[in-house]
Amino acid sequence: MKAAFLEDWNFLRVCERETPIPNEREALLRVIYGGICGSDITVYRGQHMTAEKPVILCHEILGRVEQLPQAWEGEIQIGDTVLVNPVMECGKCEACLAGHGNVCRNLRLLGIHENGGFAEYVKVRADRMVKAPKNLPLKIAALGEPFAVGYHVTSRAQVKKGDRVLIVGAGTIGLVTALTMREKGAGEVWVAERNPRRRELAEKLGFGTIDVSSTELLQAAKENTGQVGYDMVIDASGARDVVKILPDLCKIRGRLMSLGLSGACYEFPMGKVSFKEQEVIGSRLYSQEHFIAGVELLSRLYRKYPVECLISEEIPLDQIVCGIERMINGKALGKILVACEREL
């Protein structure tokens with residue numbers, strides 16, 4: 001099969017690899033779309049805290065079932081179109097035994113530790129497949145994994161009805177999280193972004209925006225909240241300067257989240273968190289329950305908002321290096337989908 005193989009950090013090439021052979025717990029999928037994620041860039045650059053190489057990248061997978069375990073008794077059948085929860089927990093550590101497999105001590109992830117979906121075929125845990133909603137075009141259904149992330153972030157944030165929320169960064173995860181926050185009852189959701197075309201996307205989805213290329217973010221936040229600060233502040237940009245001022249953007253006893261996963265050390269004024277009795281909350285991946293809920297949320301929001309604007313382009317597998325470069329250079333506005341099926 002054809003696959004995008006990360007041989008070394010910063011060295012990815014499309015080449016022929018052996019088609020994977022599933023074990024007794026796995027299914028074989030013919031990949032339709034794989035989405036390029038910011039974490040793929042982190043892995044590509046060698047900045048991910050646990051990634052291994054060599055590996056086939058991609059954990060955002062939409063595929064068609066080609067083979068199922070012999071003893072399979074689930075609802076999904078051969079020929080069904082499915083999304084894949086790429087999380088593979090050990091089931092034995094303290095986190096798993098407490099029901100938190102998404103932060104398993106020995107966590108393995110498709111596309112990061114095991115071969116993922118930038119290939120014509122991928123093998124996946126059969127019990128982690130979720131049927132793609134029938135009301136969604138395939139391209140929209142391919143957004144299921146980011147919506148699972150957004151759903152889990154919102155759940156961890158414990159957003160309350162009427163909360164004022166600020167999200168810094170209008171990439172795919174920032175905008176999906178904004179949509180999820182609003183759906184969960186947030187009263188105001190603002191999106192801060194430097195790129196004018198990304199701000200347009202946020203406005204198209206109905207959010208107020210802050211142009212941080214011409215406005216000082218902290219000053220804008222004070223003006224928007226009557227000098228109080230936001231109930232919830234989420235950094236989806238990964239920018240050092242943003243992380244440093246998160247406590248200032250947030251109100252007394254508010255909640256802070258940074259969605260960066262690179263492991264880089266940033267300056268952060270923890271004393272301000274203590275003085276304002278704020279909460280700093282982490283979020284990683286999702287449970288199977290939240291993955292399913294995120295896919296269902298996408299299906300509902302597709303009827304209400306132009307979620308297709310989250311997809312900036314579709315490219316063939318052969319052009320994946322160009323797609324990654326566009327992500328790195330900030331030229332990709334939204335999600336880049338990689339079409340992995342070989343033309344027959």
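These numbers come from the heavy atoms of this one structure, side chains and all, not from hydrogens, waters or symmetry mates.
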(request) Indicate whether the side chain of Tyr230 and that of Asn224 have a donor and an acceptor atom separated by less than 3.5 Å. (result) yes
(message) To the nearest 0.5 Å, what is the distance between CG on Leu259 and OG1 on Thr177?
(response) 6.0 Å
(request) Report yes if some heavy atom in the side chain of Arg255 is under 4.5 Å from a heavy atom in the side chain of Asp231; otherwise report no. (result) yes
(request) Spell out, as yes or no, whether a donor-acceptor pair under 3.5 Å connects the side chain of Asp8 to the backbone of Phe11. (result) no
(request) Search all heavy atoms of Val191 against all heavy atoms of Ala170 and return the closest pair with its distance. (result) CG1-CB, 3.7 Å
(message) Regarding Glu341 and Tyr33, do their side chains bring together a donor and an acceptor under 3.5 Å, going by distance alone?
(response) no
(request) List for me each residue that meets side chain to side chain donor-acceptor pair (under 3.5 Å) alongside His290, sequence neighbours excluded, and say none if there are none. (result) His152
(request) Starting from the C-alpha separation in whole Å, work towards a yes-or-no answer on side chain to side chain donor-acceptor pair (under 3.5 Å) for His113 and Thr50. (result) CA-CA 8 Å; His113 311 105; Thr50 65; 2.9 Å; yes
(request) Consider only side-chain N and O atoms of Glu188 and Trp190, and report whether a donor and an acceptor are under 3.5 Å apart. (result) yes
(message) Any non-hydrogen side-chain atom of Ile320 less than 4.5 Å from a side-chain atom of Phe118?
(response) yes
(request) Kindly compute the distance separating CD1 (Ile76) from CE (Met129), expressed to the nearest 0.5 Å. (result) 4.5 Å
(message) Are Val189 and Leu201 connected into the same hydrophobic cluster when the rule is that any two of I, L, V, M, F, W, Y join if their side-chain heavy atoms are below 4.5 Å apart?
(response) yes
(message) Quick check: closest heavy atoms across Phe268 and Leu246, and the distance to 0.1 Å?
(response) CE1-CB, 4.3 Å
(message) Quick one, Glu7 and Lys53 - any side-chain contact, counting heavy atoms below 4.5 Å?
(response) no
(request) Please determine if Asp248 and Lys272 form a salt bridge, counting it only when a charged side-chain N lies under 4.0 Å from a carboxylate O. (result) yes
Per-pair distances, 0.1 Å, donor-acceptor, side chain in residues 303-311, under 3.5 Å, sequence neighbours excluded:
{"unit_1": "Lys304", "atom_1": "NZ", "unit_2": "Glu183", "atom_2": "OE1", "d": "3.0"}
{"unit_1": "Lys304", "atom_1": "NZ", "unit_2": "Glu183", "atom_2": "OE2", "d": "3.4"}

(request) Drop me the distance from Ile328's CD1 to Lys331's NZ, to the nearest 0.5 angstrom. (result) 12.0 Å
(message) Less than 4.5 Å apart, side chain to side chain, heavy atoms only: is that true for Leu337 and Ile315?
(response) no
(message) For Phe5, does the six-membered ring have the charged nitrogen or CZ of Arg13 within the cation-pi criterion, i.e. under 6.0 angstrom from the centroid and within 45° of the normal?
(response) no
(message) If the condition is side-chain contact (heavy atoms from CB on, under 4.5 Å), which residues does Phe275 pass it with, not counting sequence neighbours?
(response) none
(message) Tell me whether the count of non-hydrogen atoms from other residues, nucleotides or ligands lying under 6.0 Å of NZ in Lys222 goes above 12.
(response) no
(request) State whether Glu313 and Lys335 are salt-bridged, where the test is any N-O pair (Lys NZ or Arg NE/NH1/NH2 against Asp/Glu carboxylate O) under 4.0 Å. (result) no
(request) Please report the closest heavy-atom contact between Gln77 and Asp80, naming both atoms and the distance. (result) N-OD2, 2.7 Å
(request) Count the heavy atoms of every other residue, nucleotide or ligand shown that sit under 6.0 Å from CD of Glu18, and state whether that count exceeds 12. (result) no
(message) Give me each pair satisfying salt bridge (Lys or Arg N to Asp or Glu O under 4.0 Å) with a member in residues 197-210, each pair once, sequence neighbours excluded.
(response) Arg199-Asp211
(message) Between Glu277 and Arg253, does any NZ, NE, NH1 or NH2 come within less than 4.0 Å of an OD or OE carboxylate oxygen?
(response) yes
(message) Could you check whether any side-chain heavy atom of Val176 comes within less than 4.5 Å of a side-chain heavy atom of Tyr151, counting everything from C-beta outward?
(response) no
(message) With heavy-atom distances below 4.5 Å as the criterion, would you say the side chains of Ser283 and Met257 are in contact?
(response) yes
(request) For Asn115 and Val55, indicate whether the former's side chain and the latter's backbone hold a donor-acceptor pair under 3.5 Å. (result) no
(message) Measuring from atom SG of Cys322 to atom CE of Met327, what distance do you get when rounded to the nearest 0.5 angstrom?
(response) 14.0 Å
(request) With sequence neighbours left out, write down each residue that passes salt bridge (Lys or Arg N to Asp or Glu O under 4.0 Å) with Arg17, or none if nothing qualifies. (result) none
(message) Considering only residues two or more places apart or on different chains, which pairs with a residue in residues 126-141 satisfy side chain to side chain donor-acceptor pair (under 3.5 Å)?
(response) Glu89-Arg128, Arg125-Asp127, Asn135-Ser299, Lys139-Glu314
(request) Determine the minimum heavy-atom distance between Arg284 and Asn102, stating which atoms define it. (result) O-ND2, 2.8 Å
(message) Counting only heavy atoms from other residues, nucleotides and ligands, does the tally under 6.0 Å from NZ of Lys92 exceed 12?
(response) no
(message) Less than 4.5 Å apart, side chain to side chain, heavy atoms only: is that true for Arg194 and Ser213?
(response) yes
(message) Would you say NZ of Lys123 has more than 12 non-hydrogen atoms from neighbouring residues, nucleotides or ligands within 6.0 angstrom?
(response) yes
(message) Less than 4.5 Å apart, side chain to side chain, heavy atoms only: is that true for Cys15 and Lys2?
(response) no
